[in-house]
Structures are given as structure tokens and as C-alpha cells.
Amino acid sequence: MSDTLDTTVRYTGKRTAVVTVVGDVDLHTGPVLRAEALTVVGHGAPHLVLDMAQVDFVDSTGLSTLIVLLHASQESGGSLRIAGVPERLLRMVTMTGISELLPVHDTVADALAALDVAEGAEDGADDAVGGVGSSR
């Protein structure tokens, strides 16, 4: 385990960001990931993709962090997806049932493509209500 966690944020659309996570997500570093991702959501990108390909270890605090981020993104009208999940983490996410709540994708590109499809469906629903949302 490491006490350091590096994150890089790349905005891929006006409401979408990819957060690349490097290191362990545990008791010491989970709050760092939570703060970084919540800042991104707070800046208007509620659709998050966490690139976990360079994550070596996740403990229960890390899993809790994923759930907190899922709820925060949903409360902001967005979503959370994880991509590039190492086999060890994938087993944990599956065994704990988190994979039932949180979409898991092989690659960031797959996650973004799935998000585009889902967001396109939401945009269609927004179009149906006309200008109501923009008049606020």
C-alpha cells in the first residue's frame, strides 16, 4: 500500500470528465479521490468516468468512496462509471454487489461510448419538455 494517490482530470465534454487514478485507494487516499471527484462534479461535470487501470489496491474505504461518488454524481444529474478495472478490484466490486449499481467497462473509450448513448437518451427527454429547463 502507498500513502500517495495521483489523479488527473480530463474534461471530455461540457458535463463529462475522466478522472485517471494512479495508486492505492484506501483509508489514507480515499478522501483525496473523493475530494478531487467531488470538485469535478461541483464544477459542472456530473458524469464521471474513473480510469482505474493504474490502481493496485482498493480497501473497504476505497469501495465506500466509489459509492459516495456514485450518489454525488447522481444527485447532480450525472452518473459514475469505472473503467480499466484490474482483476482483483473487479472481483471485489462483483462480490460486494457494487457492480449491480456501478457500470464497469473494459476501457475508458467503452465507458465514454456507453455514456454518450445514455446521455443522448436523456437529451431526448430534455427536448420533450422544451425550454422549461433553460428559463430558470
Heavy-atom closest contact ([X] atom, [Y] atom, distance):
X: S99; Y: V104; value: CB-CG2, 4.5 Å
X: R81; Y: A114; value: NH1-CB, 3.8 Å
X: H47; Y: S79; value: ND1-OG, 3.0 Å

Notebook entry, point to check: Any side-chain heavy atom of L63 within less than 4.5 Å of one from I98?
Noted result: yes

Ignoring hydrogens and angles, write down the donor-acceptor pairs under 3.5 Å from the side chains of residues 85-95, residues two or more places apart or on other chains.
residue, atom, partner, partner atom, Å
T94, OG1, L90, O, 2.8

When you measure from the side chain of [X] to the backbone of [Y], do you find a donor-acceptor pair of N or O atoms at a distance under 3.5 Å?
X: D24; Y: T29; answer: no
X: S73; Y: L69; answer: yes
X: R15; Y: G77; answer: yes

Item checked: Step-by-step side-chain contact (heavy atoms from CB on, under 4.5 Å) determination, F57 to V25 -> CA-CA 6 Å; F57 176 80; V25 184; over 6 Å; no

Check: Quick one: hydrophobic cluster around L112, which other residues, with the 4.5 Å side-chain cut-off, linked directly or via members?
Finding: V18, V49, V108

Anything under 3.5 Å between a donor and an acceptor, one on a side chain of residues 37-45, the other on a protein residue two or more places apart or in another chain? List them.
residue, atom, partner, partner atom, Å
T39, OG1, A35, O, 2.8
H43, ND1, T39, O, 2.9

Note to self: Rounded to the nearest 0.5 Å, what separates atom CG in L80 from atom CG in L66?
What the structure shows: 6.5 Å

